[in-house]
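Read the structure below first, then the notes.
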Amino acid sequence: MSEVLKQEPACEIPVPVVVAAIAIIMTRCLSVALEVHEMGLDTLLNVIHLAAQSWSATLIFIASQLLFFIELRCALALLHGRRWGRLGYGCSQLIAIGYMLMASAGWIGPEIFSLRGEEGHLLLSQKLPDLLVLGLLFFPASSRDFFQQR
């Protein structure tokens, strides 16, 4: 048993990458738990029922759930040292920010996730943790070197 514990991993993942991957997983899971707690299970089921009333709302709801699972998959890929996890997470954040900006400007509908009027500054505050995670994946020299070697 001690021989198994003494073996070094084949490739060590830098600390900023591990922290970023764990942060992605934790923020996503915590956001779901907080939504369920805040709304209650009955209200959450009612929101899902209302989202199924029109095609456009249903497509946006399905796309948001798909984006959620893509982000989780990218975080797991980062924990395994996969380069595409970093790029996938970055692309998913660009899509989310792009949709929120277009919905807030009124260019696309339904405006389920839009931020109106004086609440427009909330986009930055809602995406700040994700931007910090992207910073951990792209800016430290250890992260850049690790992904360039792969």
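Predicted model, so just to flag it, every value in this text is computed and none were measured. Numbering starts at 1 and runs along the sequence shown.
Contact annotation: the side chain of L67 never approaches that of Y99 to less than 4.5 Å [non-hydrogen atoms, C-beta and beyond]. For the pair F138 and R86, the minimum side-chain heavy-atom distance is below 4.5 Å. You'll find the side chain of C29 reaches within 4.5 Å of the side chain of I25, heavy atoms only. F147 places none of its side-chain heavy atoms less than 4.5 Å from the side chain of R82. With contacts defined as side-chain heavy-atom distances shorter than 4.5 Å, the pair Q93/E71 qualifies. Between S142 and P16, some side-chain heavy-atom pair lies under the 4.5 Å cut-off. Residues L137 and S143 fail the side-chain proximity criterion, which asks for heavy atoms closer than 4.5 Å.
Residue-environment remark: CD (Q53) exceeds the threshold of 12 foreign heavy atoms within 6.0 Å. Heavy atoms of other residues, nucleotides or ligands lying less than 6.0 angstrom from CE of M26 number 12 at most.
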Quiz item: What's the verdict on side chain to side chain contact (heavy atoms under 4.5 Å, CB included) for I70 and Y89, showing C-alpha distance, side-chain angles and the deciding distance?
Solution: CA-CA 8 Å; I70 288 171; Y89 184 71; over 6 Å; no
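With rounding to the nearest 0.5 angstrom, the OG1 atom of T43 is 11.0 Å from the CD1 atom of I48. Summarising the geometry, atom CD belonging to E12 is positioned 10.0 Å from atom CZ belonging to F146; distances are rounded to the nearest 0.5 Å. Atom-to-atom distance recorded for W55:CH2 and I62:CD1 is 8.0 Å, nearest 0.5 angstrom. The CG atom of L78 sits 11.0 Å away from the CD1 atom of I22 when rounded to the nearest 0.5 Å. We find the CD-CG distance between E38 and L44 to be 11.5 Å, quoted to the nearest 0.5 Å. Atom OG in S64 sits 10.0 Å away from atom CZ in F69 (nearest 0.5 Å).
Evaluated for a side chain to side chain contact (heavy atoms under 4.5 Å, CB included) with L136, the options V19, I24, V17 yield exactly one hit, V19.
When atom types are taken as modelled, the side chain of R83 and the backbone of Q148 share no donor-acceptor pair closer than 3.5 angstrom.
Residues L134 and W84 are members of separate hydrophobic clusters, defined by side-chain heavy-atom contacts under 4.5 angstrom among Ile, Leu, Val, Met, Phe, Trp and Tyr. When hydrophobic clusters are built by joining Ile, Leu, Val, Met, Phe, Trp and Tyr residues whose side-chain heavy atoms come closer than 4.5 Å, directly or via intermediates, L79 is not grouped with V15.
H80 and I13 get closest at one heavy-atom pair: C-CD1, 4.0 Å.
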